[in-house]
Amino acid sequence: MSGDQVHNDSQIDTGSRVNDSHRHRDKHKDKEHKHKDHKKDKEREKSKHSNSEHKDFSEKKHRDKDKLKHKDGSSEKHKHKDKEKRKEFKVKSPSQEDKVKKEKENGFSSPPRIKAEPDSDDYCFSPKHEKSLKRERDDDDTEFKPKKIKTEDEKKAKKRKQEDEDIKPKKKTKDKDKKEGAADGKKKGKKEPEEKWKWWEEERYTDGVKWKFLEHKGPVFAPPYEPLPGNVKFYYDGKTMKLSSQAEEVATFFAKMLDHEYTTKDIFRKNFFKDWRKEMTPEEKSIITDLNKCNFTEMHEYFKAQSEAKKQMTKEEKQQIKEENERILQEYGYCVMDNHKERIANFRIEPPGLFRGRGDHPKMGMLKRRIRPEDIIINCSKDSKVPKPPPGTKWKEVRHDNKVTWLVSWTENIQGSIKYIMLNPSSRIKGEKDWQKYETARRLKKCVDRIRNQYREDWKSKEMKIRQRAVALYFIDKLALRAGNEKEEGETADTVGCCSLRVEHIKLHPELDGQEFMVEFDFLGKDSIRYYNKVPVEKRVFKNLQLFMENKQPEDDLFDRLNTSILNKHLQELMDGLTAKVFRTYNASITLQQQLKELTTPDENIPAKILSYNRANRAVAILCNHQRAPPKTFEKSMQNLQSKIDAKKDQLSDARRELKSAKADAKVRRDEKSKKAVESKKKAVQRIEEQLMKLEVQATDREENKQIALGTSKLNYLDPRISVAWCKKWGVPVEKIYNKTQREKFAWAIDMADDDFEF
DNA sequence: CGGGGGACTTAGAAAAACTGCT
DNA sequence: AGCAGTTTTTCTAAGTCCCCCG
């Protein structure tokens, strides 16, 4: 952990980093000039500049010189094709695999080190289970009731428990009833008393198998299109025009978005119009030739009125809708996987609409078409009840693939990618993976010093490729950059990650703001969020960057001999399971842990502790560049808070004044009653002071959080056990840190982390 | 070995739900 | 009760990484 400090210092700060240019849709627009042929350019560049590249690597010349050689070089690592080891859960050849798997922490093979409990040993599997898939769907080994046993769960460990509440997959049958949801109608009041299934105390599948039994009801489709009432007109070129249902539907998509800025964007309009015309009848097509002559305002008004009306609905009506939703949730929102009822994340098929990518997306405005049953692939187990397609339709395919976790998939028409319906984060299948992710990051912690030393050595390598790899890895480690896969030109917004950085994305300053060897980063990352940062780097890195940039055009790749696949292959050799993103997880979690240590003051009250927690969380969010648009109501809400604070201050001075006079009074009168009065005034002052403090803390927290999004890191990067341990250590209720959903997702951590957990 | 497909994680915005007033 | 403000949930785009194929 000591080794981390070095890094952490630089990682934390970054006050300068978040700037107000939240998302730069346009910023790079001009330079976005034809990267079209960028890829080819790159090749060209390589040969063109090959000389310069070599000058430093004299004896390597022949090696680097021509691409052929170059390729050989890379093929070295290629031989490690036997990433079998990585594939721990894959079907393995029994022999060599065994030793490998030993190392696996939550790795689905070795006895889970879970609570590191001494007594859990006897529960370690005897080798024989080993390849057997545990978790048969023995419908009834219910016997055992996992009670709350926290510490002495030795016993629980040995047997697999089965939650009483979980259903018996077999018998569940067609109870479409489910009115129970509606029955005890009173919102959250429902009973939820059942014991939760502790999947983390069970054995895991060791081979690629993800489940043995899977049954579900299939997806919920988007409601069919309801044509507009006759009085809502569309006008073309000033004249009213009745559209065919098909064309009208697409028109409504546009009409609904009318007050969005992007309906004014050229690309959006162009893409929309093109796709809209495809939906028109030949007549419509011949008439409607110019989007600018289309008038959607009546439609737009109509939808506004609709949503207004919806808000005005009576309580009863709203309640009814709510109940209907609950019914659908009960019917379609759950599946049975291996004896347990699990929540599905997104059981509704995405409705049709106009695609809006993030940032400057070349496909914005295109029509996202309606998904029909014929587009849907169902995945479930052979012995389950296969979901029925809506009457008169069929599924595209029903398959039974238990090597994947999805229940439903379809191909989306904008990018041609596959979309899935999968389980909720609270499910076993997601939770195990999440847990495993943090275990991998903790393994990195054990060898990160070695890896850092190695890449520092590699900065001096004679091979260009290795130097590039080493510098890129340094950025990934120090700055928590994403790997940066290459993307297809023209298919998506122009964003980059580490390996895909271009020369134009960094500036070198031999000296800046009084510091030497500064690198200024400015690029659009995932979701077109701008990354802007000025960092001092080591001299060697700086020199290398100069070298990499020599004789290149701004639009050339900075690391022209590197890509994520090369990098990850290398990482895989350094540590089993290591990939670029593990560094983000590791650095995020270790930063949280270290910041919590640093910021928590033992005798502070709970609100102050929570502020410290949020600050630690914030340090991570800044490191990972998790930004958000400042809430529209931010200024106002800040003002409100401030006036609350002012009011509270007034109240406080009033209370103090009263206390004073009560004291004086007591001094004079010296009776019991006045003494009591003093006491109560004192209490009041104290109470108000506390309230004031709370408000002030809140204000600070909010201000500091203006454009920082904490959620992403909390949900995806911070080992929840660190937070849970911190809560336990300082007596902060875990609900203060995690809301209900989050507690469900992190149930495993809440259950297993003690106050002394160390990442 | 490079390109593409596939599966799964990570991401911020928007919608919906909730809360605490007045 | 209606709201304004805040928090939670939903939504789905956009990444990562692996595998397979030719």
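Below, read A as the first sequence line, B as the second, and so on, with proteins coming before strands; counting in each chain starts at 1. Here the structure is a predicted model, which means the values were calculated and not measured. Every heavy atom of this structure was used, including side-chain atoms; hydrogens, water molecules and symmetry mates were not.
- One finds no side-chain N or O of A:Lys311 lying less than 4.0 angstrom from the OP1 or OP2 phosphate oxygen of B:dA16.
- Residue A:Asn640 has its side chain nearest to C:dG5 when only C:dG5, B:dT10, C:dT16 are considered.
- The side chain of A:Arg358 approaches B:dA13 more closely than any other nucleotide in the set B:dA13, C:dT6, C:dT16.
- Side-chain rings of A:Tyr262 and A:Phe268 approach one another, their centers coming within less than 6.0 Å.
- By the 4.0 Å N-to-carboxylate-O rule, A:Arg618 lies close enough to A:Glu704 to be salt-bridged with it.
- Two rings, from A:Phe355 and A:His361, have their centers less than 6.0 Å apart.
- Looking at heavy-atom distances under 4.0 Å, A:Gly497 makes no contact with the nucleic acid at all.
- Backbone-only engagement by A:Asn739 is indicated by non-hydrogen atom pairs under 4.0 Å involving sugar-phosphate atoms exclusively.
- Of all nucleotides listed (B:dC8, C:dC11, B:dA13), B:dA13 comes nearest to the side chain of A:Arg628.
- A close approach under 4.0 Å does occur between a side-chain nitrogen or oxygen of A:Thr579 and OP1 or OP2 of C:dC17.
- Within the model, atoms CD of A:Gln319 and CD of A:Glu326 stand 10.0 Å from one another, a figure rounded to the nearest 0.5 Å.
- Counting non-hydrogen atoms under 4.0 angstrom, A:Pro351 reaches the backbone sugars and phosphates but no base.
- Between A:Phe634 and A:Met638, the closest side-chain pair of non-hydrogen atoms falls below 4.5 Å.
- Distance from the side chain of A:Ala580 is smallest to C:dC17 among C:dC17, B:dA7, B:dA11.
- Of the candidates B:dA13, C:dA14, B:dT9, the closest approach to any side-chain atom of A:Lys433 belongs to B:dT9.
- For A:His626, counting side-chain heavy atoms from C-beta on, the closest listed nucleotide (B:dG12, B:dA7, B:dC8) is B:dG12.
- At the heavy-atom level, A:Gly711 lies nowhere under 4.0 Å from the strands shown.
- Annotation: of the two residues near DNA chain C, A:Ile349 and A:Gln312, the 5′-most nearest-nucleotide partner is A:Gln312.
- Of the listed nucleotides (B:dA11, C:dT12, B:dC8), C:dT12 has the atom at the smallest distance from the side chain of A:Glu350.
- Taking every side-chain heavy atom of A:Lys210 into account, B:dC8 is the closest of B:dT9, C:dC17, B:dC8.
- Among the atoms of the strands shown, only primed sugar atoms or phosphate atoms (P, OP1, OP2) are found under 4.0 Å from some heavy atom of A:Lys368.
- Dashed line: the shortest gap from a side-chain N or O of A:Ser417 to OP1 or OP2 of C:dA13 is not under 4.0 Å.
- For the side chain to side chain contact (heavy atoms under 4.5 Å, CB included) criterion with A:Phe583, the lone passing option out of A:Ile451, A:Leu479, A:Leu481 is A:Ile451.
- The side chain of A:Arg348 sits closest to C:dC11 out of B:dT10, C:dT6, C:dC11.
- An OP1 or OP2 oxygen of C:dG15 is reached within less than 4.0 angstrom by no side-chain nitrogen or oxygen of A:Lys581.
- For C:dC17, the OP1/OP2 oxygens have a side-chain nitrogen or oxygen of A:Asn568 closer than 4.0 Å.
- For A:Asn716, taking side-chain heavy atoms from C-beta onward, the closest of the listed nucleotides B:dT10, B:dC8, C:dA14 is B:dT10.
- For the OP1/OP2 pair of C:dC11 and a distance below 4.0 Å, the side-chain nitrogens and oxygens of A:Asn346 include no atom meeting the criterion.
- Nucleotides of DNA chain B nearest to A:Trp406 and A:Tyr262 differ in position, and the one nearer the 5' end is that of A:Trp406.
- Put simply, A:Lys636 has a side-chain N or O that comes within less than 4.0 Å of OP1 or OP2 on C:dG5.
- Note on A:Lys322: a side-chain N or O is less than 4.0 Å away from OP1 or OP2 of B:dC18.
- Residue A:Thr405 is classed as a sugar-phosphate contact, given heavy-atom separations below 4.0 Å to backbone atoms only.
- Here the side chains of A:Ile377 and A:Ile418 are not in contact, with every heavy-atom distance at 4.5 Å or above.
- For A:Arg348, the salt bridge (charged side-chain N to carboxylate O under 4.0 Å, His left out) criterion is met by no residue, not counting sequence neighbours.
- An OP1 or OP2 oxygen of C:dG15 is reached within less than 4.0 angstrom by a side-chain nitrogen or oxygen of A:Thr495.
- Inspection of the A:Ser381 and A:Asn402 side chains reveals no N or O donor paired with an N or O acceptor under 3.5 Å.
- Remark on DNA chain B: of its neighbouring residues A:Arg482 and A:Tyr420, the 5'-side contact belongs to A:Tyr420, judged by nearest-heavy-atom nucleotide.
- With the end axes of the helix from B:dC1-C:dG22 to B:dT22-C:dA1 each set by five pairs, the angle from one to the other reads 10° at 10° resolution.
- Residue-to-nucleotide contacts include a donor-acceptor pair under 3.5 Å from the side chain of A:Lys526 to the base of B:dT10.
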